[in-house]
Amino acid sequence: MTDKIITAWNFSNTDKNLLSRNKEYRIEYEILNEIAMGAPLGGISYLTFKDKIVTINDWTSGPVLWSDNSQKIALPIWTENRKQKILIVDVNTLVATLYKKEFRVLHFESFKGNRQPSVQAGHFKFQLKFPRSC
């Protein structure tokens with residue numbers, strides 16, 4: 001695992017921030033590519049824990065940010081029009097909340113306790129599914 005400076009242009013599966021603070025959960029990426037020439041990266045993201053692998057999203061960026069208590073994770077998600085939205089995943093319930101507000105490029109700095117990062121109101125929730133037998 002590396003301690004390099006992590007940005008939307010420079011992240012990988014070797015980054016320390018992909019592992020939750022309690023070391024029980026991990027985010028992994030597959031097929032990372034630039035979303036356009038010289039643009040930030042995006043790829044398929046997975047939540048791994050115990051012997052399970054859960055697909056989070058097909059076009060996730062980085063860096064991700066774990067809550068202080070390791071119960072939630074914030075991920076930047078790319079949209080079809082190459083904007084980003086905030087996705088919060090609760091690792092206990094596997095419920096994901098995608099916020100409606102779009103951003104050019106997100107960079108998370110803090111995620112305290114059980115509170116959500118500051119965003120405008122308006123979101124929807126959905127249940128994450130296990131894509132393959134575990």
Side-chain angles (χ1 to χ4, degrees):
M1 301 232 147
T2 63
D3 282 321
K4 69 181 183 198
I5 296 174
I6 303 165
T7 69
W9 288 264
N10 184 24
F11 65 94
S12 72
N13 284 327
T14 62
D15 298 336
K16 284 186 176 181
N17 77 318
L18 298 178
L19 185 63
S20 65
R21 294 172 192 229
N22 66 7
K23 300 188 179 5
E24 292 181 24
Y25 303 94
R26 178 173 166 71
I27 298 298
E28 294 182 11
Y29 290 95
E30 184 176 78
I31 313 172
L32 283 173
N33 292 304
E34 292 178 329
I35 65 158
M37 185 177 279
L41 302 175
I44 303 169
S45 59
Y46 302 94
L47 173 66
T48 63
F49 57 101
K50 299 177 183 164
D51 293 331
K52 295 179 174 39
I53 300 173
V54 179
T55 302
I56 296 175
N57 186 272
D58 289 337
W59 213 17
T60 308
S61 188
V64 302
L65 184 65
W66 289 94
S67 63
D68 288 346
N69 61 10
S70 297
Q71 301 306 300
K72 295 184 179 181
I73 185 163
L75 304 104
I77 303 298
W78 288 108
T79 66
E80 290 179 8
N81 61 352
R82 295 188 179 144
K83 300 281 186 188
Q84 290 186 334
K85 291 184 177 186
I86 298 171
L87 182 73
I88 305 294
V89 176
D90 183 316
V91 298
N92 293 313
T93 62
L94 295 182
V95 171
T97 303
L98 182 65
Y99 287 80
K100 290 182 181 179
K101 181 172 178 159
E102 292 186 344
F103 302 87
R104 290 187 72 192
V105 177
L106 288 164
H107 184 84
F108 301 123
E109 294 183 0
S110 67
F111 193 170
K112 302 288 182 195
N114 222 11
R115 296 183 357 213
Q116 309 298 344
S118 296
V119 294
Q120 287 186 353
H123 60 277
F124 62 92
K125 295 183 179 187
F126 55 95
Q127 190 75 28
L128 295 174
K129 303 289 184 201
F130 290 89
R132 36 192 155 163
S133 58
C134 301

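- For the atom pair CG (Leu87) and CG (Leu98), the distance works out to 5.5 Å, reported to the nearest 0.5 Å.
- Taking CD from Glu24 and NZ from Lys50, the interatomic distance works out to 7.0 Å, rounded to the nearest 0.5 Å.
- Inter-residue side-chain proximity for Ile77 and Ile86 is flagged as unmet; no heavy-atom pair is nearer than 4.5 Å.
- Looking at every heavy atom in both residues, Val64 comes nearest to Ser61 through CG1-O, 4.4 Å.
- Leu41 and Glu34 get closest at one heavy-atom pair: CD2-N, 3.8 Å.
- Between the OG1 atom in Thr55 and the CD atom in Glu28 there is a gap of 11.0 Å [rounded to 0.5 Å].
- Between Phe49 and Ser20, every side-chain heavy-atom pair lies at or beyond the 4.5 Å cut-off.
- In this structure, CG on Asn13 lies 10.0 Å from CD1 on Ile27, to the nearest 0.5 angstrom.
- For Ser70, the side chain to side chain donor-acceptor pair (under 3.5 Å) criterion is met by no residue, not counting sequence neighbours.
- Ala74 and Ile88 get closest at one heavy-atom pair: CB-CD1, 3.6 Å.
- Between Arg21 and Asn69, the closest side-chain pair of non-hydrogen atoms is not below 4.5 Å.
- Across Thr60 and Ser45, no two heavy atoms sit closer than the pair OG1-OG, 2.6 Å.
- Of all heavy-atom pairs spanning Trp78 and Gln84, the tightest one is CZ2-NE2, 3.0 Å.
- With a 4.5 Å cut-off on side-chain heavy atoms, Glu30 and Tyr46 count as touching.
- Annotation: side chain to side chain donor-acceptor pair (under 3.5 Å) contacts of Asn92 (sequence neighbours excluded): Gln71.
- For Tyr25 against Leu47, the heavy-atom pair with the smallest separation is CB-CD1, 4.0 Å.
- The closest side-chain heavy-atom distance from Trp59 to Ile35 is below 4.5 Å.
- Remark: the backbone N or O of Thr93 is paired with a side-chain donor or acceptor of Asp90 at under 3.5 angstrom.
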task = Starting from the C-alpha separation in whole Å, work towards a yes-or-no answer on ring pair (Phe, Tyr, Trp, His ring centres under 6.0 Å) for Phe11 and Tyr29.
result = CA-CA 10 Å; Phe11 65 94; Tyr29 290 95; 4.9 Å; yes

query = Going through the checks in order, is the side chain to side chain contact (heavy atoms under 4.5 Å, CB included) test met by Leu75 and Val89?
reply = CA-CA 8 Å; Leu75 304 104; Val89 176; 3.9 Å; yes

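- The CG atom of Leu65 lies 8.0 Å from the CG atom of Asp68; values are rounded to the nearest 0.5 Å.
- Lys85 places a side-chain heavy atom less than 4.5 Å from the side chain of Thr79.
- Under the side chain to side chain donor-acceptor pair (under 3.5 Å) criterion, Glu102 pairs with Asn81, not counting sequence neighbours.
- Remark: the backbone N or O of Gly42 is not paired with any side-chain donor or acceptor of Asn33 at under 3.5 angstrom.
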